[in-house]
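Have a look at the structure below, then the notes.
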Amino acid sequence: MTKVLVATVKPFAPAAVECIKEVFEKAGYELELFEKYADQSDFVEAVKDADAMIIRSDKATKEVLDAAKNLKIIVRAGAGYDNIDLEAASKNGIVAMNTPGQNSNAVAELVLGMMVYHARNQYNGKAGTELKGKKLGIHAYGNVGKYVADIAKGFGMEIYAYDPFIPKENIEKDNVTAVDSVEELYSKCQYISLHIPANEKTKKSINLDLLSKMPKNATLINTARKEVICEEDLLKVFAERDDFNYISDIAPDCKAEIEEKFVGRYFFTPKKMGAQTAEANINAGIAASNQIINFIEKGDTTFKVN
Ligand code: 3PG
């Protein structure tokens with residue numbers, strides 16, 4: 001019997017787990033739930049007899065993948081797969097996939113939610129500002145970026161986007177102004193929402209040069225990955241500009257210093273919350289399960305990333 005391990009240190013919503021169980025029950029697969037594990041070494045132990053695996057931000061390191069002797073497929077129920085050692089997966093003949101788009105609306109709703117919260121001084125009773133009429137720059141116009149644009153239109157924001165991988169006309173048909181360079185995006189927009197993946201090219205790419213270009217009362221929103229920010233430069237911008245704000249779903253490593261020195265100019269969710277909705281978990285969980293079944297039964301490699 002094909003054994004599927006769902007390894008989630010941050011578990012799916014119970015409704016999503018029920019859906020995943022149902023899909024695998026129908027397919028006649030064995031399912032093991034491995035949630036809230038205490039240590040990475042427990043994860044290494046748990047993968048030993050799995051044929052297939054679903055993870056979230058769990059770290060599928062070389063050690064994990066080497067220990068998973070029967071593993072044929074690993075699906076990251078979500079968008080970013082920087083937590084999978086793709087080289088180790090390929091070397092071991094393991095297909096790695098993600099489930100693009102399935103949790104994007106949840107992340108986009110959090111972006112706007114955090115923007116309102118911060119623009120209203122985190123509901124401390126003092127007069128805040130409105131989003132209407134403000135310029136929002138979307139850095140990378142993928143699934144989340146598109147949803148952010150859609151929701152921001154409802155707030156009456158002026159929306160710009162930069163994405164070197166998407167033709168300008170595809171962006172502009174959504175009534176979003178496509179700009180020619182990342183510098184232009186940062187120079188134009190008071191609000192910038194990050195949606196770039198974390199990879200060798202993008203790590204630490206959000207730097208002093210870009211952040212210094214932002215107009216007055218700048219707010220950077222990060223629901224992507226903390227690694228894309230050059231934190232040394234982030235601290236410099238905070239120190240140089242008392243109108244700079246940073247709101248993020250992923251607390252930076254320099255969190256303590258920001259909290260100590262730049263009170264009222266930041267917000268960090270206590271735990272990564274972007275994809276934490278029942279809907280997103282159900283969508284991504286069911287998609288991941290079906291992708292596993294389609295791969296095992298028919299060799300379907302749609303959404304393969306290695
Ligand atoms: C993603 O890449 O899909 C998001 O960052 C969500 O991550 P999570 O599943 O760990 O919440």
Side-chain angles (χ1 to χ4, degrees), residues 4-17 19-20 33-37 40 43 53-61 64 74-86 89 96-114 138-148 151 163 165 193-203 206 220-229 247-253 267-292 302-306:
V4 182
L5 183 75
V6 176
T8 47
V9 74
K10 181 176 67 183
F12 288 117
V17 173
C19 293
I20 294 168
L33 274 184
F34 179 62
E35 298 175 322
K36 292 187 191 166
Y37 50 92
Q40 183 73 6
F43 186 19
M53 175 155 68
I54 296 177
I55 58 167
R56 294 185 66 182
S57 288
D58 305 80
K59 292 181 180 19
T61 58
V64 169
I74 176 166
V75 184
R76 193 281 189 241
Y81 46 88
D82 49 309
N83 52 325
I84 304 178
D85 186 330
L86 293 181
M97 293 184 185
N98 65 347
T99 64
Q102 301 293 344
N103 59 17
S104 305
N105 182 63
V107 180
E109 287 191 11
L110 185 74
V111 170
L112 273 296
M114 291 196 300
I138 299 177
H139 188 168
Y141 199 69
N143 291 307
V144 184
K146 265 177 194 284
Y147 278 115
V148 169
I151 302 170
D163 195 319
F165 303 104
S193 187
L194 291 174
H195 302 293
I196 50 177
N199 57 40
E200 284 326 303
K201 281 202 181 123
T202 61
K203 279 182 188 164
I206 309 306
L220 177 70
I221 306 111
N222 186 3
T223 52
R225 293 287 183 270
K226 71 176 162 78
E227 289 81 3
V228 302
I229 307 280
I247 53 188
S248 178
D249 187 26
I250 324 95
D253 294 335
F267 173 71
F268 308 129
T269 51
K271 218 174 186 184
K272 193 168 157 207
M273 291 291 298
Q276 280 296 68
T277 66
E279 293 87 340
N281 288 176
I282 289 170
N283 293 342
I286 292 179
S289 308
N290 285 327
Q291 285 171 220
I292 286 175
T302 313
F303 304 119
K304 181 174 186 275
V305 293
N306 64 333

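Counting convention: from 1, in listed order, for ligands and their atoms alike. Residue indices begin at 1 and follow the sequence shown.
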Within the distance-only criterion (no hydrogens, no angle test), does the side chain of T8 pair as donor or acceptor with the backbone N or O of I55 below 3.5 angstrom?
no
Qualifying residue, where the test is side-chain contact (heavy atoms from CB on, under 4.5 Å) with V111 and the options are N222, V148, D249
V148
Considering only N or O atoms, set out every pair between ligand 1 and the protein closer than 3.5 Å, with distances to one decimal place.
| from | atom 1 | to | atom 2 | distance (Å) |
| --- | --- | --- | --- | --- |
| ligand 1 | 2 (O) | R76 | NH2 | 3.3 |
| ligand 1 | 2 (O) | G80 | N | 2.8 |
| ligand 1 | 2 (O) | R225 | NH2 | 2.8 |
| ligand 1 | 3 (O) | A79 | N | 2.6 |
| ligand 1 | 3 (O) | N103 | ND2 | 2.9 |
| ligand 1 | 5 (O) | R225 | NH1 | 2.9 |
| ligand 1 | 5 (O) | R225 | NH2 | 3.4 |
| ligand 1 | 5 (O) | K272 | NZ | 2.9 |
| ligand 1 | 7 (O) | R76 | NH2 | 3.0 |
| ligand 1 | 7 (O) | K272 | NZ | 3.1 |
| ligand 1 | 9 (O) | R56 | NE | 3.0 |
| ligand 1 | 9 (O) | R56 | NH2 | 3.4 |
| ligand 1 | 9 (O) | R76 | NH1 | 3.1 |
| ligand 1 | 10 (O) | K10 | NZ | 3.2 |
| ligand 1 | 10 (O) | S57 | N | 3.4 |
| ligand 1 | 10 (O) | S57 | OG | 2.5 |
| ligand 1 | 11 (O) | K10 | NZ | 2.7 |
| ligand 1 | 11 (O) | R56 | NH2 | 3.0 |

Among N83, V9, N281, which residue meets the side-chain contact (heavy atoms from CB on, under 4.5 Å) test with R56?
N281
Those residues that, when tested against K272, pass salt bridge (Lys or Arg N to Asp or Glu O under 4.0 Å) (two or more places apart):
none
Can N105 and E109 be counted as having a side-chain donor-acceptor contact under 3.5 angstrom?
yes
From T269 OG1 over to I250 CD1, what is the distance, rounded to the nearest 0.5 angstrom?
7.0 Å
